Amino acid sequence: MRCETVDLARIGIDGRVSAGTRMAKIALFDRLSDLVTEAQDEDAAIALLDDLAQAHGVNPLEITERLTMSAEELADLAGDPLARFGAHTLTHANLRKVDDARLHQELSASASKLRGYVGVSPTTFAYPYGYPSAVGAREIAAVEQAGFAAAVTTQPGLLSPGARDALAALPRVSLNGFYQRRRYVEALLSGLPFRLRGSPAAQ
């Protein structure tokens with residue numbers, strides 16, 4: 001269903017806003033993304049967004065089912081010798097905002113689910129969001145205790161000799177977001193963009 005406007009009053013923000021152009025959609029996405037990432041109760045914020053979507057004729061779960069791989073497709077991919085799978089939590093929660101019980105559940109149940117899909121226990125983990133306000137000392141310790149051999153943040157950078165002492169909080173080169181073209185890969189892998197940005201991980 002195509003909506004030219006969206007009524008944000010349903011979630012306590014403004015009123016009806018435009019969604020008729022590409023730029024309007026991007027601006028709306030940014031506002032709704034901020035609603036989730038800045039909320040202390042992420043589950044409640046997501047519930048608000050689900051309600052907003054349903055009110056405008058959009059079924060979020062239907063979109064997810066259409067755009068993500070099925071259990072059968074994952075099992076088939078697992079047969080490729082080049083394929084590797086890592087855990088990423090059950091609900092993509094900001095782990096710094098959940099209590100200890102939820103943190104351990106997100107890690108262990110995610111690994112268990114993945115093992116059920118592909119037949120192999122994951123040894124690596126990727127933190128949801130991955131920035132400093134989503135990954136702290138408690139989360140890193142929990143990942144280590146859960147038995148993952150390595151985990152990646154979204155902090156930009158290349159691996160350095162010092163990475164051996166921080167295997168549960170590695171930087172990475174993300175080919176998404178601002179960097180979606182193949183021609184960017186060589187520059188990113190040189191490490192120069194990260195040094196220019198002053199990324200601590202690139203030092």
Side-chain angles (χ1 to χ4, degrees), residues 26 29-30 32-34 36-39 42 46 64 67-69 73-74 77-78 80-98 102-115 117-203:
I26 291 173
F29 174 85
D30 288 342
L32 297 178
S33 177
D34 288 345
V36 174
T37 58
E38 295 174 3
E42 211 173 58
I46 290 171
T64 301
L67 296 179
T68 57
M69 297 178 73
E73 289 170 328
L74 285 171
L77 180 59
D80 190 308
L82 296 179
R84 296 291 183 272
F85 299 86
H88 194 45
T89 73
L90 287 176
T91 66
H92 203 272
N94 181 328
L95 296 179
R96 292 194 75 165
K97 294 182 179 180
V98 303
R102 170 86 177 269
L103 170 60
H104 294 293
Q105 171 71 4
E106 291 281 353
L107 298 177
S108 62
S110 173
S112 178
K113 276 279 190 184
L114 188 54
R115 182 169 59 250
Y117 288 136
V118 303
V120 179
S121 294
T123 59
T124 56
F125 180 80
Y127 295 96
Y129 305 110
Y131 40 65
S133 60
V135 182
R138 183 192 67 143
E139 294 69 46
I140 292 169
V143 164
E144 292 173 333
Q145 291 164 10
F148 293 105
V152 293
T153 66
T154 55
Q155 294 302 104
L158 302 179
L159 297 183
S160 66
R164 289 174 294 189
D165 299 322
L167 292 176
L170 297 173
R172 66 176 171 179
V173 174
S174 295
L175 300 181
N176 57 19
F178 295 111
Y179 310 111
Q180 298 189 18
R181 300 180 187 224
R182 288 187 179 182
R183 63 188 176 86
Y184 296 154
V185 175
E186 187 174 350
L188 290 170
L189 292 181
S190 74
L192 183 59
F194 308 126
R195 290 188 180 279
L196 292 174
R197 287 187 53 181
S199 170
Q203 306 303 317

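What you see is a predicted model, and the numbers here were worked out from it, not measured in a lab.
Applying the salt bridge (charged side-chain N to carboxylate O under 4.0 Å, His left out) test to R115 and every residue at least two apart in sequence or in another chain returns nothing.
With F85 as the fixed residue, the side-chain contact (heavy atoms from CB on, under 4.5 Å) test singles out one of L74, V120, T123: L74.
The shortest side-chain heavy-atom distance between Q145 and H104 falls under the 4.5 Å cut-off. Looking at L90 and K113, their side chains come closer than 4.5 Å, going by heavy atoms from C-beta outward. Between V143 and L107, some side-chain heavy-atom pair lies under the 4.5 Å cut-off. A 4.5 Å side-chain heavy-atom check between P171 and L159 finds at least one atom pair inside the cut-off. A heavy-atom distance below 4.5 Å is not found between the side chains of R84 and P122.
For E106 (side chain) and T91 (main-chain N/O), a donor-acceptor pair under 3.5 Å exists by modelled atom type. Side chain of S33 to backbone of D30: no donor-acceptor contact under 3.5 angstrom is found. Looking only at distances, a side-chain donor or acceptor of R172 sits under 3.5 Å from a matching main-chain atom of T153.
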Distance-only donor-acceptor hits, side chain of residues 134-141, under 3.5 Å, sequence neighbours excluded:
from, atom 1, to, atom 2, distance (Å)
R138, NH1, V98, O, 3.1
R138, NH1, D100, OD1, 2.7
R138, NH2, L95, O, 2.6
R138, NH2, V98, O, 2.8
E139, OE1, G136, N, 2.7

Solution key, residues 124-131 side-chain donor-acceptor pairs under 3.5 Å, sequence neighbours excluded:
from, atom 1, to, atom 2, distance (Å)
Y127, OH, A168, O, 2.6
Y129, OH, E42, OE2, 3.2

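Shortest non-hydrogen contact noted between P132 and R96 is O-NH1, 2.7 Å. Contact detail for T64 and T68: the closest heavy-atom pair is O-OG1, 2.6 Å. In plain terms, the two heavy atoms of A142 and L103 that are nearest each other are CB-CD2, 3.6 Å. The minimum heavy-atom distance between L158 and L188, with the atom names listed, is CD2-O, 3.9 Å. For H92 against H88, the heavy-atom pair with the smallest separation is CD2-NE2, 3.2 Å.
More than 12 heavy-atom neighbours from other residues, nucleotides or ligands sit within 6.0 angstrom of NZ on K97.
Of the inter-residue distances, the one linking F148 atom CZ with S110 atom OG reads 6.0 Å to the nearest 0.5 angstrom. Within the model, atoms CG of L77 and CG of D80 stand 6.0 Å from one another, a figure rounded to the nearest 0.5 Å. Separating the CG atom in L114 from the OG atom in S121 is a distance of 8.5 Å, to the nearest 0.5 Å.
Neither side chain, T89 nor R102, offers a donor N or O lying under 3.5 Å from an acceptor on the other.
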